[in-house]
Amino acid sequence: MHEMTSSHLRSAYGGESMAYMRYVIWGAAAEGEGFANVARLFRAIAHAELIHATNHFGALRNEAGAFLVPSMAGFGLGTTSQNLEGAIEGETFEINEMYPTYLETAKQQKERSAQLSFHYALSAEKIHAEMYTAAKQSVEAGADPDMGPVQVCEVCGYTVEGEIPEKCPICAAKRDKLRTFA
Ligand code: FE2
Ligand code: FE2
Ligand code: FE2
């Protein structure tokens, strides 16, 4: 694999791994503040980040060895509103800067597995940013958002609340690949 793409995959793996932990931590904090649905949203999206990390790790299956892995990772443990703001910032960085750059490089280098893994993540992060933004608006109005079951595609991390599509709109997996967070 080309060195630039493998280093991007490692960095993205690090970023997704830390996003997973951050959302688990912020989810527990939301639970403690009485925002049960925000807590559930954090847990569901944490699972999507775990899938992204897993996909990146899999794309690196033939690149064994130990590496220092620099990744952007947000910090701060504040109110649920502040934590949601941190989540939106992280997702926005991935959507606007990180994944478009990584995806473009992987295309130029014809690294197919990396392309797919970056494409899945970029597509799902766009949804995450929207869901966190809606949740933040509700929390700022003092209410836990009204939310049905949240579903996460086990293949690509696609995340949806409410109406479930026949097939995953990102990876075309069947409905039975969706994991429910109710
Ligand atoms: Fe992700
Ligand atoms: Fe995300
Ligand atoms: Fe999917």
Side-chain angles (χ1 to χ4, degrees), residues 5 7-27 30 37-60 69-76 80 83-106 112-136 145 147 149-181:
T5 289
S7 86
H8 287 167
L9 277 169
R10 289 191 296 268
S11 178
Y13 168 78
E16 296 287 356
S17 302
M18 289 187 277
Y20 170 84
M21 280 308 304
R22 202 156 61 238
Y23 294 165
V24 167
I25 292 166
W26 285 341
N37 282 339
V38 178
R40 191 157 56 80
L41 182 65
F42 270 127
R43 283 197 300 273
I45 295 182
H47 187 67
E49 312 310 4
L50 180 147
I51 290 161
H52 295 159
T54 304
N55 287 343
H56 298 337
F57 196 86
L60 287 163
V69 175
S71 306
M72 291 300 286
F75 284 85
T80 292
N83 298 338
L84 283 165
E85 181 58 34
I88 294 163
E89 282 171 14
E91 299 284 351
T92 303
F93 169 77
E94 291 184 347
I95 294 162
N96 291 341
E97 302 202 46
M98 186 179 114
Y99 280 127
T101 307
Y102 289 4
L103 182 57
E104 196 51 43
T105 305
R112 290 306 187 82
S113 58
Q115 264 182 60
L116 194 61
S117 202
F118 293 148
H119 164 67
Y120 283 172
L122 173 60
S123 307
E125 313 312 2
K126 290 176 182 170
I127 298 164
H128 295 167
E130 285 173 15
M131 294 178 98
Y132 281 140
T133 300
K136 183 167 180 271
M147 259 175 35
V150 180
Q151 321 250 7
V152 177
C153 175
E154 294 279 9
V155 176
C156 72
Y158 167 70
T159 309
V160 62
E161 186 259 327
E163 198 73 6
I164 319 168
E166 198 57 53
K167 278 183 179 174
C168 173
I170 298 174
C171 76
K174 288 188 190 154
R175 268 185 179 178
D176 61 4
K177 292 287 181 192
L178 292 174
R179 174 161 165 180
T180 305
F181 292 78

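Everything quoted here is computed from the prediction, not taken from an experiment. Indexing begins at 1, ligand by ligand and atom by atom, following the structure's order. What you see below is based on every heavy atom in this structure, not just the backbone, and it leaves out hydrogens, waters and symmetry mates.
A ring-centre distance under 6.0 Å is found for Y132 and F42.
Nearest heavy atoms, E49 versus A19: CG-CB, 4.1 Å. Between A39 and A30, the closest heavy-atom pair is N-CB, 3.9 Å. Closest of all the heavy-atom pairs between A114 and T5 is CB-CG2, 3.4 Å.
When the options H56, R112, H52 are evaluated for a side-chain hydrogen bond (donor to acceptor under 3.5 Å, both in side chains) with S117, the one that passes is H56.
One finds an angle of 110° at the Fe ion (ligand 3) between SG on C153 and SG on C156, to the nearest 10 degrees.
Around the Fe ion (ligand 2), the protein N, O or S atoms closer than 2.8 Å are E49 OE2, E91 OE1, E91 OE2, E125 OE1, H128 ND1, listed by chain and residue number.
In this structure, Y102 and F118 have tilted ring planes: the angle between them lies in the 30° to 60° band.
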